[in-house]
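If you're wondering where the values come from, they're calculated on a predicted model, not measured in any experiment. We number each residue from 1, following the sequence as shown.
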Amino acid sequence: MKKHNYEIKVEWTGNEGNGTRNYKSYNRNHKIKAIGKYDIINGSADPSFLGDKSKYNPEDLFLSSLSACHMLWYLHLCSVHKIVVTEYMDDATGIMQETESGSGNFTDVTLNPKVKITDSNMIDKANQLHEEANKMCFIANSCNFKIRHNPSTTT
């Protein structure tokens, strides 16, 4: 079995002089970097947890990882099945619930891909390939909940 290794550096930039003396004494800003990548991702916490709403939070990145992984597998499968995709956009949504302890977990993700293909005779097959893409997606395979799909395909 082939293994792939990934490395990422997360650096907290939110010390405002007092460290984590109390819950409100620091901000949640951080930088996400990877060797060889062209830029950093500026992150924070969700505003519900005193984060900066103008920056990506871990929940945003989780949802975008699911959406992007699905898209990449879907495009691959379309190319294998001779379906020419000319446009792809996903307005993905997710629900995270907090628990009594303050922890939480995602309970629902829906991908809403809008796909444009060149051959109207292939619309049914193009829509079916979303299920196969979900089965192949590395990120989806790492989740403990079902990921729903609501595709729309046109020519």
Side-chain angles (χ1 to χ4, degrees), residues 1-80 85 87-116 126-154:
M1 185 179 310
K2 216 186 236 189
K3 289 189 178 183
H4 300 267
N5 297 301
Y6 300 91
E7 293 181 26
I8 202 86
K9 179 176 183 177
V10 176
E11 178 185 355
W12 175 49
T13 59
N15 185 348
E16 296 181 335
N18 292 311
T20 59
R21 182 168 299 187
N22 64 55
Y23 187 69
K24 293 186 177 183
S25 70
Y26 63 98
N27 75 51
R28 280 63 179 164
N29 295 349
H30 57 276
K31 295 179 180 182
I32 302 168
K33 307 175 192 178
I35 294 172
K37 305 295 183 193
Y38 74 94
D39 209 351
I40 62 170
I41 296 172
N42 290 308
S44 192
D46 182 280
S48 301
F49 308 107
L50 304 181
D52 181 341
K53 69 179 180 180
S54 71
K55 294 180 172 53
Y56 289 99
N57 60 58
E59 296 81 11
D60 293 331
L61 297 173
F62 175 74
L63 186 58
S64 66
S65 293
L66 278 167
S67 178
C69 187
H70 179 88
M71 177 193 67
L72 293 168
W73 269 107
Y74 179 79
L75 296 173
H76 168 75
L77 293 168
C78 283
S79 71
V80 168
V85 176
E87 292 179 24
Y88 185 108
M89 185 187 320
D90 184 11
D91 294 315
T93 60
I95 298 171
M96 194 224 23
Q97 69 178 7
E98 287 185 63
T99 63
E100 294 289 325
S101 71
S103 178
N105 61 290
F106 273 81
T107 59
D108 185 73
V109 166
T110 301
L111 305 180
N112 298 291
K114 293 172 182 59
V115 181
K116 189 170 184 179
N127 285 333
Q128 291 170 6
L129 288 177
H130 286 285
E131 287 302 320
E132 190 171 343
N134 185 69
K135 291 176 186 170
M136 299 303 292
C137 173
F138 309 136
I139 309 301
N141 286 330
S142 301
C143 295
N144 63 357
F145 57 90
K146 181 174 174 32
I147 297 156
R148 296 181 293 132
H149 307 93
N150 185 24
S152 169
T153 306
T154 62

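Remark: L77 pairs with L129, E132, A133 by the side chain to side chain contact (heavy atoms under 4.5 Å, CB included) rule, at least two apart or across chains. In this structure, T20 has no side-chain hydrogen bond (donor to acceptor under 3.5 Å, both in side chains) partners at least two apart in sequence or on a different chain. With sequence neighbours excluded, no residue satisfies side chain to side chain contact (heavy atoms under 4.5 Å, CB included) with E100. In this structure, the side-chain hydrogen bond (donor to acceptor under 3.5 Å, both in side chains) partners of N112, at least two apart in sequence or on a different chain, are N150. Residues that satisfy the salt bridge (Lys or Arg N to Asp or Glu O under 4.0 Å) test with D91, not counting sequence neighbours, are K114. For F62, the ring-ring contact (aromatic ring centres under 6.0 Å, His included) partners two or more places apart in sequence, or in a different chain, are F106. Every residue two or more places apart in sequence or in another chain was checked for a ring-ring contact (aromatic ring centres under 6.0 Å, His included) with F49, and none qualifies. Every residue was checked against the side-chain hydrogen bond (donor to acceptor under 3.5 Å, both in side chains) condition with N15, not counting sequence neighbours, and none meets it. Taking D52 as the reference, K55 meet the salt bridge (Lys or Arg N to Asp or Glu O under 4.0 Å) condition, with sequence neighbours excluded. Checked against side chain to side chain contact (heavy atoms under 4.5 Å, CB included), S142 has no partners two or more places apart in sequence or in another chain.
Screening residues 31-50 for side-chain hydrogen bond (donor to acceptor under 3.5 Å, both in side chains), with sequence neighbours left out, gives E11-K33, N29-S44, D46-S48. Within the structure, side-chain hydrogen bond (donor to acceptor under 3.5 Å, both in side chains) contacts touching residues 64-74 (residues at least two apart or in different chains) are S67-D90, H70-H130.
Within a 6.0 Å radius of CD in E7, no more than 12 heavy atoms belonging to other residues, nucleotides or ligands are found. A 6.0 Å sphere centred on CD1 of I35 holds no more than 12 heavy atoms belonging to other residues, nucleotides or ligands. Around OH of Y26, the count of heavy atoms belonging to other residues, nucleotides or ligands within 6.0 Å exceeds 12. The environment of CZ in F145 is crowded: more than 12 heavy-atom neighbours from other residues, nucleotides or ligands sit within 6.0 Å.
Minimum heavy-atom separation, K24 to L50: CG-CD1, 3.9 Å. Across every non-hydrogen atom of K135 and N141, the tightest pair is O-ND2, 3.1 Å. Minimum interatomic distance between Y56 and I41 (heavy atoms only, all atoms of both residues): CD1-CG2, 4.2 Å.
Distance alone, capped at 3.5 Å, is enough to place a donor-acceptor pair between the S25 side chain and the G19 backbone. Side chain of H30 to main chain of R28: a donor-acceptor pair is present (N/O by atom type, distance under 3.5 Å, no hydrogens or angles).
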Apply side-chain hydrogen bond (donor to acceptor under 3.5 Å, both in side chains) to residues S101 and T99 and explain how you reach the verdict. CA-CA 5 Å; S101 71; T99 63; 3.1 Å; yes
Output, in order, the C-alpha distance, side-chain angles, deciding distance and verdict of side chain to side chain contact (heavy atoms under 4.5 Å, CB included) for E87 and V115. CA-CA 6 Å; E87 292 179 24; V115 181; over 6 Å; no
Before you tell me yes or no, could you show the steps for L111 and N134 under side chain to side chain contact (heavy atoms under 4.5 Å, CB included), namely the whole-Å CA-CA distance, both residues' side-chain angles and the distance that decides it to 0.1 Å? CA-CA 10 Å; L111 305 180; N134 185 69; 5.6 Å; no
